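Labels below follow one simple rule: chain letters A, B, ... track the order of the sequence lines, proteins then strands, and each chain is numbered from 1. Scope of the values below: all heavy atoms of this structure, side chains included, with no hydrogens, waters or symmetry mates. Quick caveat: nothing in here was measured; it's all calculated off a predicted structure.
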Amino acid sequence: MPAEVLITKPASFSFGHTIRSHGWYDLAPFELDEEQGRLIYVFGGQNGYGPATAELSEDEKSIRIQIHSPDFDVKEIASSVRHILRLDDDFEAFYLKTKASGSLSWVSQRNAGRLLRSPTVFEDAVKTLCTTNCSWSLTKKMVSNLVEKLGERAADGRRAFPTPVAMAAVDEKFYRDEIRAGYRSPYFVELAQAVVGGELDPEQWLTSGLSTPELKKEIKKVKGFGDYAAENLLKLLGRYDGLALDSWLRSRFYEQHNKSRVCPDKKIERHYRSYAEWKGLAIWCDMTEKWFDEKP
DNA sequence: GCGTCCAGGTCTACC
DNA sequence: GGTAGACCTGGACGC
């Protein structure tokens, strides 16, 4: 029998909207069980414990965590679940703006807006790099390869996301040949080695006192992070000032708000200007509303 | 099955 | 600061 932990749900929280908020649920070691409405994740080993697979689901008042492992750090896993589901983030100011907007009033009605994230900023950074300049199928392949070839195995045979140490231990050739990361390969080596060597601490970005533009500059110092990747990572850190425009978001905007005609990014920026520091989340909710009609 | 073309975001060199 | 070309992969397409 798996061990079970319950976490009380915040008042304005939607489990379904959070786990399907963006593509992360589709990237290993996340797995979405659509039929049962469960999110599965393999938490990395910590504090002397090995990796542990956990299934997250919900009932009326709680989030249920079922842990399939002979030994695990229950506090660490519960704390990571709070982090990945953003249970402690405050969206009241965003909901006030969306309520006033009319077109985005559904966001507060459905308690949407929480973007699923990984337990560590390092994992989110690596996955963001895997989304740059390629199709979603290639992103999935690169992330699966990383987990399969470098991740530590949990008791049930699934694997956790690789640690910075594991990623720093292999060379550029490995990333090219085994991960199929192509020209991104040296970026992974550089990122992992900088974290292991202590020159870079991505986890510190969560609590950084820097302004968002300053933090974006810091993130862009990491090879492979341009405007899109930096702004995407900032969203996962909880800073929504940037739109993180990629080709998909642009084409959805043209279709929805510009009669399918291409327009400059500045026009997109103007469209969401009233959301101020929330505009990155506003565009994401605006462009993905239909996802939740398709996936009730 | 093979070859060609294209999309995708960032980097570097150059203006 | 802006721009062009290179980077690399997988998918689509034509043969």
What nitrogen or oxygen pairs link the protein and nucleotides 10-15 of chain B at under 3.5 Å?
residue: dT10(B); atom: OP1; partner: Gly226(A); partner atom: N; Å: 3.1
residue: dT10(B); atom: OP1; partner: Tyr228(A); partner atom: N; Å: 3.4
residue: dT10(B); atom: OP1; partner: Ala229(A); partner atom: N; Å: 2.8
residue: dT10(B); atom: OP2; partner: Tyr228(A); partner atom: N; Å: 3.4
residue: dC11(B); atom: OP1; partner: Gly224(A); partner atom: N; Å: 2.7
residue: dC11(B); atom: OP1; partner: Phe225(A); partner atom: N; Å: 3.4
residue: dT12(B); atom: OP1; partner: Lys223(A); partner atom: NZ; Å: 3.4

Exercise for review: Would you mind reading off the distance between Asn232(A) atom CG and dG8(B) atom C1', rounded to a whole angstrom?
Suggested key: 14 Å

Exercise for review: Indicate whether any N or O donor in one side chain lies under 3.5 Å from an N or O acceptor in the other, for Ser118(A) and Asp124(A).
Suggested key: yes

Practice item. Tell me, please, the opening and closing nucleotides of DNA chain C, 5' to 3', among those with an atom under 4.0 angstrom from a non-hydrogen atom of chain A. Key: dC7(C) to dG11(C)

Point to revise | Presence of salt bridge, Lys97(A) and Glu277(A), under 4.0 angstrom | key: no

Check your understanding: Do Glu172(A) side-chain atoms and Ser185(A) backbone N/O form a donor-acceptor pair below 3.5 Å?
Key -> no

**Study point:** Close approaches to DNA chain C from residues 241-265 of chain A, in residue order (heavy atom, under 4.0 Å)
**Key:** none

Review point. In terms of side-chain geometry, is the basic nitrogen of Asp89(A) or Arg114(A) positioned less than 4.0 Å from the acidic oxygen of its partner?
Key: no

Check your understanding: Taking only residues two or more places apart in sequence or in another chain, which ones pass side-chain contact (heavy atoms from CB on, under 4.5 Å) with Lys173(A)?
Key -> Asp171(A), Asp177(A)

Point to revise | Thr212(A) vs Arg239(A), side chain to side chain donor-acceptor pair (under 3.5 Å): CA-CA, chis, key distance, verdict | key: CA-CA 7 Å; Thr212(A) 304; Arg239(A) 301 193 190 214; 3.2 Å; yes

Check your understanding: side-chain contact (heavy atoms from CB on, under 4.5 Å) with Ser211(A): which residues, sequence neighbours excluded?
Key -> Pro213(A), Glu214(A)

Practice item. With sequence neighbours left out, write down each residue that passes side-chain contact (heavy atoms from CB on, under 4.5 Å) with Ala112(A), or none if nothing qualifies. Key: His17(A), Trp106(A), Val107(A)

Practice item. Taking the side chain as every heavy atom from C-beta outward, state whether Asp265(A) and Arg250(A) have any pair of such atoms under 4.5 Å apart. Key: yes

**Study point:** Common cluster, Leu85(A)/Tyr25(A), ILVMFWY with side-chain heavy-atom separation under 4.5 Å
**Key:** yes

